Amino acid sequence: MKVELSRLASFAKEQGFIFPSSEIYEGVGGIYDYGPLGAELKRRIADLWWRAMTQLHENIVGLDSAILMHPRVWEASGHVEAFHDPLVDNKVSKKRYRVDTLIEDYAQQLEERARRETEKKLRKKESIIPLEEALVRHGDYQRAQRLRSQLNTAMAQKDWEALSRLLVEEKVPCPESGSTEWTAVRQFHLMFTTQLGALADEAQDIYLRPETAQGIFVDFPLVLKTARLKVPFGIAQIGKAFRNEIIARQFTFRMREFEQMEMQFFVRPGSEGEWYEYWKHHRRRWHEHLGLHPANLRFKDHEHLAHYAKAATDIEFAFSFGFKELEGIHSRTDYDLSRHALYSGKKLEYYDETLGQSYVPYVIETSVGLDRVVLAHLSQGYTEEMAPTAEGGQELRTILKLHPLLAPIQVAVFPLVRKEEFVQKARLLYEELRYHFPTAYEEKDSIGRRYRRYDAKGTPFAITVDGQTLEDETVTVRDRDSLAQIRLPMHQVRPYLQERLDIAQWLRTL
RNA sequence: GCGGGAGUAGCUCAGCCGGUAGAGCAUCAGCCUUCCAAGCUGAGGGUCGCGGGUUCGAAUCCCGUCUCCCGCUCCA
């Protein structure tokens with residue numbers, strides 16, 4: 001039973017995990033804010049990723065590069081070229097095409113047809129007129145030429161209206177449906193632009209990065225030099241990225257402003273295969289050990305590889321709307337570093353002492369969407385189940401079953417009832433525990449209500465001070481998922497919790 | 001982008017044969033309460049998504065628009 005996205009969104013809003021951005025102004029599509037609990041959850045996930053990468057691998061270092069970078073970076077990376085294309089949708093087939101390739105392909109078809117027909121005709125007539133000469137008189141050939149010249153003119157002038165007219169006037173059909181009903185041609189900019197420089201007339205267009213990876217590639221020589229690294233080594237970075245998605249959908253799954261956790265691992269050419277396998281499995285293990293169920297995860301190898309990639313796989317999670325990408329692991333060859341070497345004119349090579357030669361390292365990339373990991377944990381953790389009531393009946397209980405290390409509030413301390421002696425003891429315990437764990441104290445409402453309230457926040461441990469505490473200094477520790485309680489001496493509570501909320505121990509399992 | 005559904009209190013929703021808004025939960029104050037969303041008293045909180053139209057009067061009828069959700073489509 002998968003929780004519906006709409007239910008999850010309202011739960012996340014109600015509990016303070018995720019809010020729609022600028023809600024009092026009607027919101028902004030595809031942008032969300034993290035509330036008090038969401039901010040905690042998100043930073044815990046980020047922290048465990050950071051530790052798993054940098055702390056656990058002596059050859060991986062961190063980086064925090066700026067969102068704004070030199071515009072040439074995005075020319076080198078291919079983003080400028082790849083994402084400024086005019087697009088059009090066919091109304092019948094619902095397919096979306098790049099207008100230039102659509103028209104070019106159609107022109108090509110027309111020309112081929114004209115050529116075939118003309119050849120046939122000439123052969124039949126046993127004519128001695130040269131093919132090229134006869135061809136120019138063929139209507140389809142003329143149309144093809146006309147299409148091309150108008151396409152080139154419109155593209156050069158970025159005149160999308162002219163392209164729209166061209167599609168209609170020349171009745172360019174959809175390759176899929178044959179339909180000639182098109183939406184207006186529109187240019188989509190994947191990248192957000194802003195201006196560098198305070199004075200408008202001196203300002204230069206600059207992009208908000210669409211991925212954090214390029215900061216790593218661009219800083220490659222500086223990191224290499226200052227961190228005294230030897231191949232193989234990695235650079236890890238967590239940061240915001242921005243994509244002007246045409247349609248932002250599925251809650252926080254596809255956002256226009258989002259956070260990536262990327263690690264680029266630089267290896268000797270020829271060894272990329274084994275490192276690709278290593279990172280594939282290491283990264284999947286990380287997700288599993290944070291509590292994502294193996295059955296909810298799968299690898300999905302890319303069938304069509306990007307031009308720079310040698311191999312690529314996604315780690316997918318079973319969201320309510322299907323298995324979707326959480327993380328990509330890509331074998332990117334030396335494409336990025338070579339491109340930046342070309343565009344910058346700088347050498348981006350590594351001198352390998354053991355080989356006695358220089359080379360451009362190959363790169364294995366692990367790139368995970370932090371927001372998607374948050375969403376995965378909320379999706380999987382959100383649970384509604386029947387629980388016993390005080391009267392002996394059954395009632396629906398809402399629990400957020402997060403891994404204890406991810407819980408925004410890890411411990412809650414309650415006096416069983418709001419009685420001065422209980423309150424004093426409970427406050428004492430709270431004051432001690434807060435130095436070690438994110439801890440909450442609550443005395444309002446009945447104990448049952450308080451338990452349920454913290455179940456919904458994902459708090460794994462609830463400590464209660466009761467009558468017996470006054471006699472023998474013991475308290476109860478309640479487990480969120482099983483509802484089971486154990487009784488511990490007060491002074492043992494901290495070590496008990498520390499054992500269960502120990503990051504070092506968790507890291508050892510990776 | 002297309003099709004369907006929905007926007008009323010923080011959340012879930014009722015009210016919609018037109019007469020200027022209600023419930024439960026949540027929040028706050030207090031009482032009561034010895035282990036799983038108990039009870040009582042009181043309080044705060046709403047431009048009924050937005051704009052326009054019809055009307056003496058619109059949450060309710062009409063038009064437009066925005067946003068969200070679901071499906072399809074798209075996604076370096």
Side-chain angles (χ1 to χ4, degrees), chain A residues 4-16 19-30 32 35 74 77-83 85 87-97 176 181-184 186 188 190-191 210-211 213 241 243-251 253-254 302 304-309 312 320-322 324-325 328 330 332 367 387-399 414-419 421-422 443-456 462-470 475-476 478 480 483-485 487:
Chain A
E4 286 241 346
L5 216 47
S6 55
R7 173 73 198 114
L8 194 65
S10 81
F11 170 79
K13 182 179 165 189
E14 188 177 351
Q15 292 292 333
F19 304 139
S21 165
S22 320
E23 200 198 33
I24 62 169
Y25 293 104
E26 287 297 305
V28 186
Y32 291 89
W74 307 109
S77 72
H79 285 83
V80 170
E81 197 185 357
F83 296 103
D85 304 314
L87 302 176
V88 69
D89 295 306
N90 185 271
K91 289 178 179 172
V92 174
S93 69
K94 313 294 188 199
K95 292 282 177 188
R96 174 166 291 160
Y97 300 93
E176 182 97 345
E181 284 184 61
W182 298 100
T183 62
R186 284 176 305 173
F188 292 101
L190 171 92
M191 290 192 285
E211 63 175 27
R243 293 180 198 182
N244 212 351
E245 298 288 351
I246 298 158
I247 33 169
R249 276 288 178 83
Q250 267 120 12
F251 196 29
F253 183 79
R254 177 166 290 111
H302 287 206
H304 305 288
L305 294 173
H307 51 289
Y308 54 76
S320 61
F321 44 93
K324 297 285 175 182
E325 177 184 1
H330 301 223
R332 293 178 74 121
S367 173
T389 64
E391 296 80 31
Q394 293 273 305
E395 197 162 36
L396 204 64
R397 174 169 85 119
T398 301
I399 327 156
F414 310 134
L416 184 58
V417 293
R418 189 156 43 173
K419 236 175 167 178
E421 310 94 286
F422 294 180
E443 58 183 38
K444 254 193 77 69
D445 297 314
S446 71
I447 188 68
R449 190 186 289 269
R450 278 176 280 163
Y451 283 145
R452 296 294 165 82
R453 192 182 292 151
Y454 281 85
D455 287 342
I463 320 288
T464 303
V465 167
D466 58 14
Q468 198 177 325
T469 311
L470 303 179
V475 293
T476 60
R478 170 192 181 267
R480 176 194 66 203
L483 303 173
Q485 281 181 308
R487 188 164 275 280

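Predicted, not measured: the structure shown is a model, and the values here were computed from it. The chains referred to below are lettered A, B, ... by the order of the sequence lines, with proteins before strands, and numbering in each begins at 1.
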Inset, instruction - Could you give the distance separating B:G71 and B:G57 at their P atoms, to the nearest angstrom? - result: 44 Å
Legend entry - Whole-angstrom distance between B:U54 and B:C63, as gauged at atom C1': 11 Å
Legend entry - Below 4.0 Å: OP1/OP2 of B:A38 and any side-chain N or O of A:Ser446: yes
Legend entry - Spacing of CD belonging to A:Gln15 relative to CZ belonging to A:Arg453, to within rounding of 0.5 Å: 10.0 Å
Legend entry - For atom CD1 of A:Ile463 and atom C1' of B:C36, their distance in whole Å: 15 Å
Inset, instruction - Can you tell me, in whole Å, how much space there is between the C1' of B:G19 and that of B:A29? - result: 37 Å
Legend entry - Closest nucleotide among B:C36, B:C69, B:U34 to the A:Arg452 side chain: B:C36
Legend entry - Residue A:Asp445, side-chain heavy atoms: nucleotide from B:C35, B:U27, B:C75 that is nearest: B:U27
Inset, instruction - Look at the side chain of A:Lys444 and decide which nucleotide, out of B:G71, B:A29, B:C69, has an atom nearest to it. - result: B:A29
Inset, instruction - Give the rounded distance in Å between these two atoms: CG of A:Asp466 and P of B:U33. - result: 17 Å
Inset, instruction - Find which nucleotide of RNA chain B each of A:Ile447 and A:Arg7 is nearest to by heavy atoms, and output the residue with the more 5' nucleotide. - result: A:Arg7
Inset, instruction - Ignoring the backbone of A:Glu14, work out which of B:C11, B:U27, B:C36 is nearest its side chain. - result: B:C11
Inset, instruction - Using a heavy-atom cut-off of under 4.0 Å over every strand shown, decide if A:Gln468 touches base, sugar-phosphate, or nothing. - result: nothing
Legend entry - Presence of donor-acceptor pair under 3.5 Å, side chain of A:Arg478 and base of B:C36: yes
Legend entry - Options B:C69, B:U12, B:U27, nucleotide nearest the side-chain atoms of A:Ser10: B:U12
Legend entry - Residue A:Arg453, side-chain atoms from C-beta onward, closest of B:U27, B:A38, B:C35: B:U27
Inset, instruction - Rounded off to whole Å, could you give me the CZ-to-P distance for the A:Phe321 and B:U73 pair? - result: 15 Å
Inset, instruction - Answer with base, sugar-phosphate or nothing: what part of the nucleic acid does A:Phe11 contact at a heavy-atom distance below 4.0 Å? - result: nothing
Legend entry - A:Arg418 CZ to B:A38 P, straight-line distance once rounded to whole Å: 14 Å
Inset, instruction - Determine the Euclidean distance between corresponding P atoms of B:C70 and B:C35; express it in Å to zero decimal places. - result: 43 Å
Inset, instruction - Remember a base hit wins even if backbone is also touched, and classify A:Tyr32 as base, sugar-phosphate or nothing at under 4.0 Å, heavy atoms. - result: sugar-phosphate
Inset, instruction - Using a 4.5 Å cut-off on heavy atoms from C-beta on, say whether the side chain of A:Lys13 contacts that of A:Tyr32. - result: no
Inset, instruction - Write down the distance separating the P atoms in B:C17 and B:G53, rounded off to the nearest Å. - result: 24 Å
Legend entry - Rounded C1' spacing from B:U60 to B:U20 in Å: 12 Å
Legend entry - Any-strand Watson-Crick or G-U partner of B:A23, both distances under 3.5 Å: B:U12
Legend entry - Note: A:Arg478-A:Asp455 ion pair, threshold 4.0 Å (strictly below): yes
Inset, instruction - Identify the nucleotide, in any strand shown, that forms a Watson-Crick or G-U wobble pair with B:C2, with both distances under 3.5 Å; if there is none, say none. - result: B:G71
Legend entry - Interatomic distance at P, B:U47 relative to B:G42, whole Å: 25 Å
Legend entry - Any donor-acceptor N/O pair under 3.5 Å between B:U34 base and A:Lys419 side chain: yes
Inset, instruction - Kindly indicate, with the supporting measurements, whether the criterion side chain to side chain contact (heavy atoms under 4.5 Å, CB included) is fulfilled by A:Asp466 and A:Arg487. - result: CA-CA 11 Å; A:Asp466 58 14; A:Arg487 188 164 275 280; 2.5 Å; yes
Legend entry - 5' priority, RNA chain B, between A:Phe251 and A:Arg487 [closest heavy atom]: A:Arg487
Inset, instruction - Pick base, sugar-phosphate or nothing for A:Lys13, based on heavy-atom distances below 4.0 Å to the nucleic acid. - result: sugar-phosphate
Inset, instruction - Quickly work out the A:Phe253 CZ to B:C69 P distance and round it to whole Å. - result: 14 Å
Inset, instruction - For A:Leu8 and B:C69, give me the distance from atom CG to atom C1', rounded to whole Å. - result: 13 Å
Legend entry - Rounded C1' spacing from B:G7 to B:G39 in Å: 36 Å
Inset, instruction - Indicate, with a heavy-atom threshold strictly under 4.0 Å, whether A:Leu5 touches base, sugar-phosphate, or nothing. - result: sugar-phosphate
Legend entry - Shortest side-chain distance from A:Gln250, nucleotide among B:C36, B:C32, B:G71: B:G71
Inset, instruction - Tell me the partner of B:C28, counting only Watson-Crick (N1-N3 plus N6-O4 or O6-N4) or G-U wobble (N1-O2 and O6-N3) with both under 3.5 Å; none if nothing fits. - result: B:G42
Inset, instruction - Please tell me if the side chains of A:Tyr451 and A:Leu483 come closer than 4.5 Å, counting only heavy atoms from C-beta onward. - result: no
Legend entry - N/O donor-acceptor pair under 3.5 Å between A:Arg450 side chain and A:Pro415 backbone: yes
Inset, instruction - Could you tell me the separation between the NZ atom of A:Lys324 and the C1' atom of B:C72, rounded to a whole number of Å? - result: 11 Å
Inset, instruction - Please report, rounded to the nearest Å, how far the C1' atom of B:U34 is from the CD atom of A:Glu443. - result: 16 Å
